[in-house]
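These notes concern the structure reproduced below.
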2 protein chains.
Amino acid sequence: MASDHTRSAILAAAERLYADRGFGDVTLRDIVAEANVNLAAVNYHFGSKDELIAELFVSRSIATNRERLRELKAAEEEGGGRAPIEVILRALVGPTLRGCLGPENQRSTAARFMIRASIESVPPIRRIKNREIDHLRKFVGAMRRSLPDRSDVDIYWGLNFALAMAHHTIRESERLTKLSEGKCDLDDVEDVVARVVSVATMALTGAEATSKPAARPMAANGRLTRQDL
Amino acid sequence: MASDHTRSAILAAAERLYADRGFGDVTLRDIVAEANVNLAAVNYHFGSKDELIAELFVSRSIATNRERLRELKAAEEEGGGRAPIEVILRALVGPTLRGCLGPENQRSTAARFMIRASIESVPPIRRIKNREIDHLRKFVGAMRRSLPDRSDVDIYWGLNFALAMAHHTIRESERLTKLSEGKCDLDDVEDVVARVVSVATMALTGAEATSKPAARPMAANGRLTRQDL
DNA sequence: TTGCAATTCAAACAGTTGTATGAAACTATC
DNA sequence: GATAGTTTCATACAACTGTTTGAATTGCAA
């Protein structure tokens, strides 16, 4: 492996194009044109298109996960093995939110790529995401230590909701801006982090049991008249 | 328009195939084979593949939205124009959750299709989703009436988080089951609805202001060593 | 029945896609 | 400076895609 030049040019070009135009309509030919390399170079260096995408996604995921664990470890060491739940949650959702939100023009290519990966789910990325469970288990452990009185089920649901709010906000940030007519300021990332952490904390420390009301009928499947939507 | 036979056969076959195998690898030829009709029939009846997908998705969205508004209207009429926030939130997330969760074997094709539409976002569907804002505004209105002291921004965030928890739970239901080793029972739909509504209610009625801690550095972009993930 | 429009059909089209090939160019080692 | 291994390159390939075409068939109305 001499200089890595072609390899990294492909990676950079691919990430930029995917970030800008999505996975759907970026072909290998687009990528090699942007990278100024030969078409065959992709298969030579990466084996296949899917492996290129996977490598791209794995790199960025590792970076985010490393940042998450760094924050988590620091917090637990400071608290003698038991970090406050808010800090754990902040370590969980902070890095992702900070990476993907913030002013448009200063949002990195990497972040825009990860947003795309979150919006348009393609097979090679889906396969990798399934492996993220081990990573999440570390946060489950920390949350258990922080809230020893909470049941496991509540912990799992709290984690699920925290990730839900973070990812959904990233994924649908445009819609939220439009719906709120700009009143929700998604460029103020730390405010977003604080909101997510606050709600997730309430979810984990709030009301003990959830009431179970009577079941409701399922949505109709029959014919329809155009009126809503 | 004589008998609609071909048309509805295509719709049914397409929905079934998309639900089972996703949008990515279902071709028009797969659909017409499943529907036992000629290849050209799709373009004759729908104009294009994208319009077929759009028609499918619009139908199901309308059904869900109608159900949502039915619940909302009933609740507001009962309360004299002012429904409790829990009931509004239940009307918002209940129909979707009930449609998409529940025991695998009794989950309808329609519901499985909508899950797919939520996981794999394809262009024709993305275009339609952007039009859903008007629909959501009706819920914003109801929430404002229910919580007149809350700021608009808080309302928007509460709505956003409610949808986040519902959609993310549907989309990542498999992962949550695996992570929790089956302890989170996603077949008990009403429990899921109750949990989402409960947390969303806390988000909307809980702590007034969110504290604003100091900013944190962004995730590193540099080289990486495989360790996490 | 005749005529006309709607529908179905087989076949082909035009374009794109990711991938493979084999020769050429390069690079570093001896 | 010859050699061996790596990397680049132009080109071809094979398959698949959504769409179109124009003729056949069908169904209904006059």
Side-chain angles (χ1 to χ4, degrees), chain A residues 1-58 113 116-117 120-128, chain B residues 1-58 113 116-117 120-128:
Chain A
M1 183 183 313
S3 78
D4 247 12
H5 172 275
T6 304
R7 213 186 128 82
S8 44
I10 291 172
L11 283 171
E15 182 168 55
R16 186 168 39 221
L17 286 178
Y18 285 142
D20 285 344
R21 292 160 37 189
F23 298 97
D25 46 36
V26 172
T27 70
L28 285 189
R29 282 168 178 83
D30 293 332
I31 294 171
V32 298
E34 177 88 358
N36 275 314
V37 302
N38 188 270
L39 173 59
V42 173
N43 285 275
Y44 178 78
H45 285 280
F46 298 93
S48 71
K49 184 194 189 183
D50 278 9
E51 288 174 84
L52 166 62
I53 294 179
E55 167 125 4
L56 229 32
F57 183 72
V58 167
F113 170 82
R116 281 288 181 189
E120 307 171 30
S121 181
V122 290
I125 289 183
R126 265 201 301 277
R127 276 192 288 273
I128 293 165
Chain B
M1 184 183 311
S3 77
D4 248 11
H5 171 274
T6 304
R7 213 186 129 83
S8 44
I10 291 173
L11 283 171
E15 183 167 53
R16 187 167 39 222
L17 287 179
Y18 285 141
D20 286 345
R21 294 163 32 192
F23 297 98
D25 46 36
V26 172
T27 70
L28 284 189
R29 284 169 177 82
D30 294 332
I31 294 172
V32 298
E34 177 89 358
N36 275 313
V37 302
N38 187 270
L39 174 59
V42 173
N43 285 278
Y44 177 79
H45 284 280
F46 297 92
S48 71
K49 184 195 189 182
D50 278 9
E51 288 174 86
L52 166 62
I53 294 179
E55 168 125 2
L56 230 32
F57 182 71
V58 167
F113 171 81
R116 283 287 181 189
E120 305 171 32
S121 181
V122 290
I125 289 183
R126 265 202 300 279
R127 275 193 287 274
I128 293 165

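All values below come from the heavy atoms of this structure, side chains included, with hydrogens, waters and symmetry mates left out.
Between A:Arg7 atom CZ and D:dT8 atom C1' there is a gap of 16 Å when expressed in whole angstrom units. As rounded to whole Å, 20 Å separates atom P of C:dA25 from atom NE2 of A:His5. Rounded to a whole Å, the CZ atom of B:Arg29 is 7 Å from the P atom of D:dT17. The distance between atom CG of A:Asp25 and atom C1' of C:dG18, rounded to the nearest whole Å, is 16 Å. Look at CG on A:Asn43: it is 18 Å from P on D:dT11, rounded to the nearest Å. The nearest whole Å value for the distance from the CG atom in B:Leu39 to the C1' atom in C:dC9 is 10 Å. The nearest whole Å value for the distance from the CG atom in B:Asn36 to the P atom in C:dA10 is 12 Å. Distance B:Phe46 CZ to C:dT8 P: 11 Å, rounded to the nearest Å.
Which of D:dT19, D:dA12, C:dT21 sits closest to the side chain of A:Ala40 comes down to C:dT21. For B:Thr27, counting side-chain heavy atoms from C-beta on, the closest listed nucleotide (D:dG18, C:dT8, D:dC9) is D:dG18. Side chain of B:Asn38, nearest nucleotide from C:dT19, D:dT7, C:dA10: C:dA10. Closest to the side chain of A:Tyr44, from the set D:dG18, D:dT7, C:dT8, is D:dT7.
Contact between the side-chain N/O atoms of A:Thr6 and the OP1/OP2 oxygens of D:dT7 is not found at any separation under 4.0 Å. Contact annotation: B:His45 reaches the phosphate of C:dT8 (side-chain N/O to OP1 or OP2, under 4.0 Å).
Under the 3.5 Å distance criterion, the side-chain polar atoms of A:Arg126 are matched with a main-chain donor or acceptor of A:Ser121.
One finds the CD atom of B:Glu15 at 12.0 Å from the OG atom of B:Ser8 (value rounded to the nearest 0.5 Å). To the nearest 0.5 Å, atom CZ of residue A:Phe113 and atom CD1 of residue A:Ile53 are 7.5 Å apart. Residue A:Glu120 holds its CD atom at 11.0 Å from CD of B:Glu120, rounded to the nearest 0.5 Å.
Side chains of B:Asp30 and B:Asp25 form no contact here, defined as non-hydrogen atoms less than 4.5 Å apart.
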